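Structure first, then comments.
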Amino acid sequence: MAPGQMASGLAAGRLTAAEIDANFDDLHPAYAPHEAAVAADRCYFCYDAPCTTACPTDIDIPLFIRQIQTGQPEAAARTIFDQNILGGICARVCPTETLCEEACVRETAEGKPVEIGRLQRYATDTVMSAGVHPYSRAPETGKSVAVVGAGPAGLACAHRLAMLGHEVVIYESRPKAGGLNEFGIAAYKATGGFAQSEVDWLLQIGGITIETGRALGGELTLDGLKADHDAVFLSIGLGGVNALRVPDENMPGVRNAVDFIAELRQAENLSALAVGRNVVVIGGGMTAVDAAVQSKLLGAENVTIAYRRGRDAMPASRYEQDLAASKGVRLMFNVMPVGLTGTEALTAVDLEYTQVVDGRVTGTGETVTLPADQLFKAIGQTLDGAPGALALEGGKIAVSDGGRTSIDGVWAGGDCAAGGDDLTVTAVAEGRDAAMDIHKALVG
Ligand SMILES: Cc1cc2nc3c(=O)[nH]c(=O)nc-3n(C[C@H](O)[C@H](O)[C@H](O)COP(=O)(O)OP(=O)(O)OC[C@H]3O[C@@H](n4cnc5c(N)ncnc54)[C@H](O)[C@@H]3O)c2cc1C
Ligand code: SF4
């Protein structure tokens, strides 16, 4: 049993298996062809399309929507995959409300954007569900590249390098590829084992070997990888978790949100997963929202997100906040944890009200106590296990354009690299761009 599941207030099966199945159903079900046609018809096919400018992978959005409108979803998928080989998962998980759909002129004019994410899903699903992989490899270059970490950044980098004719070996410490697509993203965003089927589909390009259970910092060293390969791309994500810094934060019932979510994503039977009756999630990002919503969907009675700043400062988008509220999650703002109560296991959490003075959060002295048999820490992830010789910036691996690190022959991208948002689509863009730079360095 995992830590945190020892707590006495936790129980499995708070809802029936049928209720849990319904709760974890696809958040945005796929369009039927006629729905896609109607949605595509709303696009103005803007010349200087602001939606494309807002997309971190620069997908030609009006072009792919036009291709859907004219009955060519396969061509639309190709337009998407040319820029973003993980366009399938991005269609499901991208916070479109703060990216392309926020920029859409129909959002600006009418408050109702073209549903770009769902159209992207329609196009990519058409090709992927047919098992068609629309790319082939260039003649072999004889060069070999090590990619460390099989998350979105590593997979995107590997695919582009393989396409360009290089041999790629991905070293992944977990037993499965996919990174947070497989172990982090909320279950209702990637239903039906989509993350693994996307990995299988991507590997059809050939030239990529994935070695799971192999960790840099374990038996693998950066020097060893450099000796065995012509270039190294680091895409190890953020494996560490920030501490709450309150006494007894390791007591039963207190757990890292990312560990709970990873367990949930790998669970074969969600109704066997224990959850508290009163759950408190500390944090304000996507991880906090996902932990809270999924606790509620498992049957927790009272779920509260406690965030130390005001609503406007919350990293989770307004859409995510509303999603949480619509599932019955309570959002508390301007509160921070100051104490945990419990002898054998957590029973309550003390929160102190906060104010922001000169940008800094300080306590007001006024407190409130919430009953809690489960508390999830979701206050940010940190870089863990990067080779010590690498220069860092703001706690992440420092990179220049194209993802070059301070060490010759070593590139980095995705969450572990400095700059950029910690989003799936950004990781894909950085992996792809690093691959192009590695290619340039290897073949001139
Ligand atoms: C709970 C949660 C929910 C999220 N929801 C969304 C969302 O809805 N939409 C969105 O756009 N973004 C979301 N994100 C962010 C998104 O998942 C990440 O930005 C993205 O996965 C980063 O990709 P990456 O390849 O850089 O890292 P990761 O996906 O973290 O992949 C890193 C890989 O490297 C492996 N690894 C780590 N260390 C080593 C080592 N030493 N040796 C070998 N392998 C190693 C890991 O096991 C992992 O497979 C979410 C994040 C979390 C935590
Ligand atoms: S901004 Fe909106 S209307 Fe204009 S091209 Fe993009 S999706 Fe179409």
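Note that the structure is predicted; figures quoted are calculated from it, not measured. Numbering of ligands and ligand atoms starts at 1, following listing order.
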So which heavy atom in the protein is nearest [atom], and how far is it from that ligand atom?
{"atom": "atom 1 (C) of ligand 1", "result": "Gly184 O, 3.4 Å"}
{"atom": "atom 15 (C) of ligand 1", "result": "Asp422 O, 3.5 Å"}
{"atom": "atom 7 (S) of ligand 2", "result": "Ile116 CD1, 3.7 Å"}
{"atom": "atom 27 (O) of ligand 1", "result": "Gly237 CA, 3.5 Å"}
{"atom": "atom 8 (Fe) of ligand 2", "result": "Cys43 SG, 2.3 Å"}
{"atom": "atom 11 (O) of ligand 1", "result": "Thr424 N, 3.1 Å"}
{"atom": "atom 9 (N) of ligand 1", "result": "Val93 O, 2.8 Å"}
{"atom": "atom 13 (C) of ligand 1", "result": "Met286 SD, 3.5 Å"}
{"atom": "atom 41 (N) of ligand 1", "result": "Leu216 O, 2.9 Å"}

Of the listed options [options], closest to [atom] (non-hydrogen atoms):
{"atom": "atom 43 (C) of ligand 1", "options": "Ala316, Ser173, Pro56", "value": "Ser173"}
{"atom": "atom 46 (C) of ligand 1", "options": "Glu172, Arg265, Glu211", "value": "Glu172"}
{"atom": "atom 50 (C) of ligand 1", "options": "Ile185, Leu234, Ile261", "value": "Ile185"}
{"atom": "atom 24 (P) of ligand 1", "options": "Pro152, Gly149, Gly179", "value": "Pro152"}
{"atom": "atom 4 (Fe) of ligand 2", "options": "Cys104, Ala103, Cys46", "value": "Cys46"}
{"atom": "atom 39 (C) of ligand 1", "options": "Leu86, Ile236, Leu99", "value": "Ile236"}

Consider only side-chain N and O atoms of [X] and [Y], and report whether a donor and an acceptor are under 3.5 Å apart.
{"X": "Thr57", "Y": "Gln83", "value": "no"}
{"X": "Tyr31", "Y": "Glu115", "value": "yes"}
{"X": "Tyr307", "Y": "Asn334", "value": "no"}
{"X": "Gln381", "Y": "Asp415", "value": "no"}
{"X": "Asp223", "Y": "Thr221", "value": "no"}
{"X": "Arg311", "Y": "Gln321", "value": "yes"}
{"X": "Glu74", "Y": "Gln67", "value": "no"}

Are any of the N or O atoms of [X] closer than 3.5 Å to those of ligand 1?
{"X": "Gln381", "answer": "no"}
{"X": "Gly154", "answer": "no"}
{"X": "Leu180", "answer": "yes"}
{"X": "Leu423", "answer": "yes"}

If you draw a 6.0 Å radius around [atom1] in [X], do more than 12 non-hydrogen atoms from other residues or ligands fall strictly inside?
{"X": "Arg308", "atom1": "CZ", "answer": "no"}
{"X": "Arg214", "atom1": "CZ", "answer": "yes"}
{"X": "Asp408", "atom1": "CG", "answer": "no"}

Quiz prompt | NZ or CZ of Arg66 within 45° of Phe45 ring axis and under 6.0 Å | solution =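 Checked: cation-pi criterion met.
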Quiz item: Is Arg309 close enough and on-axis enough to Phe333, meaning under 6.0 Å and within 45°, for cation-pi?
Solution: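 Relative to the ring axis of Phe333, which defines the angle, Arg309 lies outside at least one limit.
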Quiz item: Quick one: does Arg14's side chain have a donor or acceptor within less than 3.5 Å of a partner on Ala274's backbone?
Solution: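 Between the backbone of Ala274 and the side chain of Arg14 there is no qualifying donor-acceptor contact (under 3.5 Å).
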Quiz item: Is the distance from atom 6 (Fe) of ligand 2 to some N, O or S atom of Cys100 under 2.8 Å?
Solution: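 For Cys100, the answer is no, given that no N, O or S atom comes within less than 2.8 Å of atom 6 (Fe) of ligand 2.
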Self-check item: Which segment of Thr52 sits under 4.0 Å of ligand 2 when only heavy atoms are counted
Solution: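 Looking at Thr52 and ligand 2, no heavy atom falls under 4.0 Å.
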Under 4.0 Å from ligand 1, counting heavy atoms only, is it the side chain of [X], its backbone, both or neither?
{"X": "Ala427", "answer": "side chain"}
{"X": "Phe183", "answer": "neither"}
{"X": "Arg214", "answer": "backbone"}
{"X": "Asp415", "answer": "both"}

Quiz item: What are the atoms of ligand 1, with element, lying closer than 4.0 Å to any heavy atom of Val148?
Solution: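 That gives atoms 42 (N), 43 (C) of ligand 1.
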Is the ring centre of [X] less than 6.0 Å from the ring centre of [Y]?
{"X": "His28", "Y": "Tyr188", "value": "no"}
{"X": "Phe81", "Y": "Trp201", "value": "yes"}
{"X": "His159", "Y": "His133", "value": "yes"}

Self-check item: Distance filter under 4.0 Å to Val105 heavy atoms, resulting ligand 2 atoms
Solution: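 Taking each heavy atom of Val105 in turn, ligand 2 has 1 (S), 2 (Fe), 3 (S), 4 (Fe) under 4.0 Å.
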